[in-house]
Number of protein chains: 2
Amino acid sequence: MGVSKTHIFSLQHNELAQVAKVMAHPARIAILEYISKQEGCICNDLVDEIGLAQPTISQHLNEIKKIGLLKGTYEGKNLCYCINQERWLELQRAFQSFFSNINLNCC
Amino acid sequence: MGVSKTHIFSLQHNELAQVAKVMAHPARIAILEYISKQEGCICNDLVDEIGLAQPTISQHLNEIKKIGLLKGTYEGKNLCYCINQERWLELQRAFQSFFSNINLNCC
DNA sequence: ATATATTATCGTAATATTGCAATATTAAAT
DNA sequence: ATTTAATATTGCAATATTACGATAATATAT
């Protein structure tokens, strides 16, 4: 075996885990932070900015895209994309909600 | 090749990614949520609660322990532990801070 | 239409993760 | 000291992730 038993967990838990998995790599954290802090759209400076090979950056971007965090135009020369704000805020709320429930009486 | 190039990223990015990696599995999300919502300490009902084998739960707990989210007694019969509140709040702030910086002018 | 620049995809190697059976360790109770 | 119950560790198989070279696809400019 060795495959995640996703079926025994709730949809909510699986979704939060899936988002966390995208954030579970420093390159993707760096990419997300860089894009989210740009004034407008991104145009092909990520490879220089991050320091990984172009195919690797492309793959990381694809992972981020999969959870809906990017919008814009992706393919061809001069790609132009940015953070999907609605999704960004949605994920922010998801993490906030996860962290805001904790009981304080403890050993 | 095939190993993460952690050295090319900032400490902050690596640390957030490391925490996200712990959250990147539905079992660990479920475990964290369950423990954090308990009134007091946990005493050996996680295996029934989650539905994975005992060694697997033990390994997941160990991952959570590594990032400092658990405190209490871990070994032997009747283990007794709970969420480390300080660390929990620290991580909450880290995610909050990550998500709170985003520019709104976009394509 | 061709050349040029940019991003995507394929293939592959190295490593990491996930899960559990078997076994070991630990601590309390008898 | 033995037994018993609970957790940890080991070993291993299946799968997933990470990275990049080579190559393909895409789009703009000439």
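Here is how names work: the chains are called A, B, and so on, in the same order as the sequence lines, proteins then strands, and each is numbered from 1. Just so it is clear, the model here is predicted, and its values are computed rather than measured.
For B:Q92, the CD atom sits in a packed shell: over 12 heavy atoms of surrounding residues, nucleotides or ligands are nearer than 6.0 Å. More than 12 heavy-atom neighbours from other residues, nucleotides or ligands sit within 6.0 angstrom of CD on A:E63.
Note on ring orientation: taking the six-membered ring where Trp is involved, the planes of A:F9 and B:H25 are perpendicular (angle over 60°, cut-offs 30° and 60°).
Taking side-chain N and O atoms only, B:K21 has a distance below 4.0 Å to OP1 or OP2 of C:dT17. Distances shown here put a side-chain N or O of A:H25 below 4.0 Å from the OP1 or OP2 atom of D:dA19. At D:dA19, one or more side-chain N or O atoms of A:H60 fall inside 4.0 Å of OP1 or OP2 (strictly under the cut-off).
A heavy atom closer than 4.0 Å to some atom of DNA chain D occurs in A:L52, A:A53, A:P55, A:T56, A:Q59, these being the qualifying members of residues 51-59 of chain A.
Here C:dA16 presents its P atom at 14 Å from CD of B:Q18, a figure rounded to the nearest Å. Atom CG in A:L61 sits roughly 17 Å away from atom P in D:dT17 (whole-Å rounding). With rounding to whole Å, B:F9 atom CZ is found 11 Å from D:dT18 atom C1'. In this entry the distance linking CD of A:E49 with P of C:dT7 reads 14 Å, nearest Å. Atom NZ of B:K5 is separated from atom P of C:dT15 by 14 Å (rounded to the nearest Å). In this structure, B:N62 places its CG atom 16 Å from C1' of C:dA16, rounding to the nearest Å. Nucleotide C:dT7 holds its P atom 12 Å from the CD1 atom of A:I31, rounded to whole Å. For the pair A:D45 CG and C:dT7 P, the interatomic distance rounds to 9 Å; values are reported in whole Å.
In this structure, the side chain of A:R28 does not engage the main chain of B:A17 through any donor-acceptor pair within 3.5 Å.
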Exercise. Would B:E90 and B:R93 count as a salt bridge (charged side-chain N to carboxylate O under 4.0 Å, His left out) if you check the C-alpha gap in whole Å, the side-chain angles of each, and the deciding distance to 0.1 Å?
Worked result: CA-CA 5 Å; B:E90 196 176 313; B:R93 279 193 295 270; 5.5 Å; no
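Shown here for B:L52 and A:K5, the closest heavy-atom pair between the two residues is CD2-CD, 3.6 Å. Heavy atoms only, all atoms of each residue included: B:V47 and B:Q54 are closest at CG2-CA, 3.9 Å.
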